[in-house]
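As structure tokens, the structure follows; a few thoughts come after it.
Nothing fancy with the numbering, it's 1 onward along the sequence. Below, all heavy atoms of this structure are taken into account, side chains as well, without hydrogens, waters or symmetry copies. What you see is a predicted model, and the numbers here were worked out from it, not measured in a lab. As the structure lists them, so they are numbered: ligands from 1, and atoms in each ligand from 1.
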Amino acid sequence: MRSRGAVAQAAAAAAAASVAPPLVPPRGRPWSLKVAACACLWVCGVLCLLFTTAWLHLSIKDNNDEALDIVECVVRVNTFRRDDLLAQFVNHYAKCPCVHEIAVVWSDVERRPPEWLKEMPKVRVERHAQDSLNNRFNALQVPTRPAIFSVDDDIFITCEGLLGALEAWRAAPSQMVGPAPRLIAPDDDHRGFRYLRWWHVWWNGRYSLVLTKVAVFHRDYLAIYADRADPVLREVRAHVDAHRNCEDIAMSFVVANRTRAPPIWVRLHYDDYGQSFASHAGISAAKDHVAVREACIQRFAELFGRFPLVTAHHKTIDARSSWIW
Ligand SMILES: *[C@@H]1O[C@H](CO)[C@@H](O)[C@H](O)[C@H]1NC(C)=O
């Protein structure tokens, strides 16, 4: 309990406080806050004005993509007994304005193509009499467009991405263009070749070919690849059949042998379901894949009489996707 004296003291103090003159509010602070706020607003306004002026000055009127004249392509897709994936594939690519036709390369000699497939928009089923990886490049009819988009049934890129690859291809139509580069380097004793995967490309910033599981090239190369009269290419195709691998390396040899130039690596995102779903794992997951590929390179170089691939360091990117010049 507090004593009487203490209570009286507290009361007196309270009375003194109530009569004391109120504290003068500090004058400077609210004033400088207001100045700062005004200055801030002014700077923001000036920045907005500058930005709008720059925007209006720099933007061109027809910067929508419909105004650009687009390149159309023929999609060539390899598929084998994965109808669910194929349906998804066709549904997706048929919606792209740059896709003129989808040629489904049907190599399953024991099974007829399903009826639903033939009824899908833009689809033409190309039925082959033999099951061969070479069918990917063996067009039974001349493709209706010069640009061929060669792709696996488990690879998805956006329509805009495909248009970008076609745009890059149009600038250099004799080159192969693709987002999946690989590097081939001489081995340590310079007698053979090393087939190096994407992490080597990433580490070294060098590449020698782009995979045809997702690439654009000119239809003329289909005719060259499948040429029955060329003895070298006959042997090359026989090697592909015997090892069930390397048709993509063979096509890279064909193109580089003509152009004496590297392919064009484009930055482009693609979803590869073959890599991510174990149930759909393709041949590149096999253990001896690299050894088989290296043997192919060796054999093809012997057949061509030289190693035609050219190594390069440059990647093409969509200018809209990068801020820094
Ligand atoms: C490679 O290129 C040479 C020279 O252009 C040509 O004569 C030869 O037929 C080509 N080889 C193949 C297999 O295409």
Quick one: does any side-chain atom of R267 pair with a main-chain N or O of D318 as donor and acceptor, under 3.5 Å? no

For the pair E294 (side chain) and Y195 (backbone), establish whether a donor and an acceptor sit closer than 3.5 Å, ignoring hydrogens and angles. yes

Can you give each donor-acceptor pair under 3.5 Å made by side-chain atoms of residues 168-181, sequence neighbours left out, with the distance rounded to 0.1 Å?
unit_1	atom_1	unit_2	atom_2	d
W169	NE1	P173	O	3.1
R170	NH2	D69	O	3.1

Taking the two cysteines C96 and C159, decide whether their SG atoms are closer than 2.5 angstrom. yes

Report all N/O contacts between ligand 1 and the protein shorter than 3.5 Å as a table of atom names and distances to 0.1 Å; if there are none, say 'none'.
unit_1	atom_1	unit_2	atom_2	d
ligand 1	2 (O)	N257	OD1	3.0
ligand 1	2 (O)	N257	ND2	2.5
ligand 1	11 (N)	N257	ND2	2.7
ligand 1	14 (O)	N257	ND2	3.2

Test: side chain to side chain donor-acceptor pair (under 3.5 Å). Region: residues 70-79. Which pairs qualify, not counting sequence neighbours? E72-R145, R76-E126, T79-D153

Considering residues at least two apart in sequence or located in another chain, which fulfil the disulfide bond (SG atoms under 2.5 Å apart) criterion with C296? C246

